[in-house]
Amino acid sequence: MSTQPNSYRSQPDERGHFGIFGGRFVAETLMPLVLDLEREYRAAQNDPAFAAEFDDLLTHYVGRPSPLYYAERLTEELRKDAPAGKGAQIWFKRDELNHTGAHKINNCIGQILLARRMGKTRIIAETGAGQHGVATATVCARFGLPCVIYMGARDMERQQPNVFRMKLLGAEVIGVESGARTLKDAMNEALRDWVANVHDTFYIIGTAAGPHPYPELVRDFQSVIGKEARAQLLERTGRLPDLLVAAIGGGSNAIGLFHPFLDDPSVQMLGVEAAGHGLDKEHAASLAGGAPGILHGNRTYLLQDEDGQIDEAHSISAGLDYPGIGPEHAWLRDVGRVDYTSATDKEALDAFQLLCRTEGIIPALEPAHAIAAVAKVALEMDRDAIIVANLCGRGDKDIFTVAEALGTQI
Amino acid sequence: MSRFAAAFAKSHPALVTFVTAGDGDTAAILDALVAGGADVIELGMPFTDPMADGPAIQAANLRSFAAGTTTADILAIAAAFRARHPDIALVLMGYANPMTVRGADWFAAVCKDAGVDGVICVDIPFEEDDSLGPALRAAGVDQIRLATPTTDAARLPAVLDGAGGFLYYVSVAGITGLQQAAQASIEDAVARLRTQTDLPIAVGFGVRTPDQAAQIARVADGVVVGSALVELVAQHGAGAPRHIETFTRSLAAAIHGAKEIAA
Ligand SMILES: Cc1ncc(COP(=O)(O)O)c(C=O)c1O
């Protein structure tokens, strides 16, 4: 696209397209349901009672607003390696303090309210790290709906605490043995369940991807992150941030932070994909290493071979271990509004430990990727520049993975 | 007359058979289907993420990949089939990404060149038709559309707009190979579809036995059998063609005789 749009915040179009990306690539059986969901979402958007209930639950159940925190010790630590005058201020949007420990719950609250409006009586979801599964199981317990979570068998091994959490919350967790037994395979299995149970089942998708209207509604529910961050930083400093940074699996925490700022030209944005063992080896960076294609209901960048077969992704972080990315990110990258980079497993592990030691915060491995990118770019920015990074999850679930990667016996 | 028109103009309902390309000796399996009496052949294009398929066809996809099957191989299988069987209608069935990865025009052209009569793409509803439909129509390859139990009266005209070959009625809301729909619901659906289209109507998903096939053939123009055939490949490996031919013959006898039984 050569001309800039008037607004970067008016996507998608009425067919759910973000430029050439997005859309509704689902089987005919699901299509009427996807259209019902869109109708119901439009009605909810115009219903003040829906917004009031959403806000009330976010405040009293999730614990919002989450703090915006100036990470002074981390800032100072990084400045030690910075050239004179360089070393930006690092602030964290602390969505890891939400109920259930990640941003995922914001979206789950919104979608379960939609499910209830639609009269659905059974909930399904896919999960990678288990954070979305835990958040879904949580809202299902809260609203008394039965819940089935699909999770790759490999992810169940590396995220055992979350598997147990989901079970405690009353969910049925079904291990998926197909493919690489990770998030992509869990999503396939959830779609198979949905198509066989369309009459009573609502599928709570956990990231800003899938058939329209999911990318839009997940973004809207997650935009509470960016809206709060904007107001909080303005109140604390009287100015907008210079740079926003967020990790990208499917892209929901990132789009939630970025979207409210997209039309502020002074605010730059950086999405961080998982580079796994390295971009020339196994990784999960679909923008860096993929090409446009169609999977899981939308057209977007995918890791794939020349025949359009989807490659297996790899990341130490189960939540980023997915060979695609939400369609709005694909569009934002192609129009040049947002920059994207990547961080390797090793860089994420280093950043994970850095945050533990400098700030007393154990981050999830997903935002550890964002912190790794922050540690690099902060050195190139002036000292009065402000970076806001999304600390979208806490690391309790990851301590076993990290211990293993560091060669430590717990 | 197109091969589809010929297949459905016979005095009996058509047997439509599905197997996965590259799973076993596909050429021999296709010949067995024809020898057993199949009227239309659906050749499945394996995909890494077959969201609409049950365990049997998922496993067939994996076997095909393990054998190293590429899109070029599938097209070669199709072209060789066409050379051996000039008159049998051939359909490629699969998912959007392998079909469109080199561009819809490319796919339509190679289908045409290989002698493929029609294409079924599982995950392109009419709302996204511009991703594939116009290219197929321009190349003269029929686009076979799926109608399902959730396709209501309001959607049906748009589903039929641009559809060619035959209409594939997916008789259950679900994935391939698992449950079968109640006969009464199939009869109602076919009657409803007939008021809206002159295309032949083939019914599939969950049809496993000659008896079931015969029941459906009393009301439909065609019956699709897939997973039950694919399971024979899983079970018999290199010996599969012989078993496939026998089973196909039993299906064909049931389907081809169905209308007479009813009369
Ligand atoms: C803490 C956390 N951050 C990020 C992600 C990645 O998802 P998204 O890119 O949609 O934010 C996950 C997914 O499980 C997660 O648990």
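First the proteins, then the strands, lettered A, B, ... as listed; each starts at 1. The basis for the numbers below is simple: all heavy atoms, side chains too, and nothing from hydrogens, waters or symmetry mates.
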Side-chain (A:Ser315) to main-chain (A:Ala274) donor-acceptor, under 3.5 angstrom: no
Lys/Arg-Asp/Glu bridge criterion (N-O < 4.0 Å) met for A:Arg158, A:Asp321: yes
Non-hydrogen side-chain atoms of B:Asp49 and B:Met51 separated by less than 4.5 Å: yes
A:Phe21-A:Tyr301 aromatic ring centre distance below 6.0 Å: yes
Best-contacting candidate, B:Leu62, B:Thr151, B:Ile124, against chain A by heavy atom pairs under 4.5 angstrom: B:Thr151
B:Asp129, part contacting chain A, at a heavy-atom distance under 4.5 Å: neither
Proximity of residues 91-99 of chain B to chain A, residues having a non-hydrogen atom under 4.5 angstrom: B:Ala96, B:Asn97, B:Pro98
Euclidean distance, A:Ile174 CD1 relative to A:Met156 CE, rounded to 0.5 Å: 9.5 Å
Contacting region of B:Gln58 [heavy-atom separation from chain A under 4.5 Å]: side chain
Distance flag, aromatic centroids of A:His283 and A:His277, threshold under 6.0 Å: no
Short N-O contact, A:Arg39 and A:Asp36, less than 4.0 angstrom: yes
Proximity of residues 200-213 of chain A to chain B, residues having a non-hydrogen atom under 4.5 angstrom: none
Toward chain A: residues of residues 220-231 of chain B with heavy atoms under 4.5 Å: none
Atom pair CD1/CZ of B:Ile120 and B:Phe18 - distance to nearest 0.5 Å: 9.0 Å
Proximal component of B:Arg102, with respect to chain A [non-hydrogen, under 4.5 Å]: side chain
Ionic contact status for A:Glu328 with A:Arg219, cut-off 4.0 Å: yes
Polar side-chain atom of B:Asp152 near backbone of B:Ala154 as donor-acceptor pair, under 3.5 Å: yes
Region of A:Leu295 in contact with chain B, defined by heavy-atom distances below 4.5 Å: side chain
Contact winner vs chain B - A:Pro32, A:Gly23, A:Gly293, A:Gly16, heavy-atom pairs under 4.5 Å: A:Pro32
Steps toward salt bridge (charged side-chain N to carboxylate O under 4.0 Å, His left out) verdict (A:Lys184, A:Glu126): CA-CA 9 Å; A:Lys184 165 174 89 88; A:Glu126 86 295 341; over 6 Å; no
Lys/Arg N to Asp/Glu carboxylate O, A:Arg24 vs A:Glu38, below 4.0 Å: yes
Pair A:Tyr214, A:His296: side-chain N/O donor-acceptor within cut-off below 3.5 Å: no
Choice from B:Pro125, B:Pro55, B:Cys121, B:Gly54 maximising heavy atom contacts with chain A below 4.5 Å: B:Pro125
Nearest-0.5 Å distance, SG of residue B:Cys111 to CH2 of residue B:Trp106: 8.0 Å
Heavy-atom pair count under 4.5 Å with chain A, highest-scoring of B:Pro149, B:Pro50, B:Ala52, B:Pro46: B:Pro50
Sorted by number, residues from residues 66-82 of chain B in contact with chain A (heavy atoms, under 4.5 Å): B:Thr70, B:Thr71
pair A:Gln159-A:Met151: side-chain heavy atoms closer than 4.5 Å: yes
Between A:Arg299 and B:Thr100: side-chain donor-acceptor atoms closer than 3.5 Å: no
Salt-bridge contact B:Arg145-A:Glu28 (side-chain N to carboxylate O under 4.0 Å): no
CG on B:Leu132 to CD on B:Gln143, rounded to 0.5 Å: 6.0 Å
Side-chain donor-acceptor contact under 3.5 Å, A:Tyr41 with A:Asp220: yes
B:Thr197 OG1 to B:Phe166 CZ distance, which is reported to the nearest 0.5 Å: 12.5 Å
Trace of the salt bridge (charged side-chain N to carboxylate O under 4.0 Å, His left out) decision for A:Glu312 with A:Arg154: CA-CA 13 Å; A:Glu312 302 297 352; A:Arg154 172 170 153 69; over 6 Å; no
Which portion of B:Asp53 sits near chain A, non-hydrogen atoms under 4.5 angstrom: backbone
Contacting moiety of A:Leu35, where chain B heavy atoms sit under 4.5 Å: side chain
Residue A:His17 versus chain B: region with a heavy atom under 4.5 Å: side chain
B:Gln212 versus B:Gln180, side-chain donor and acceptor atoms under 3.5 Å: yes
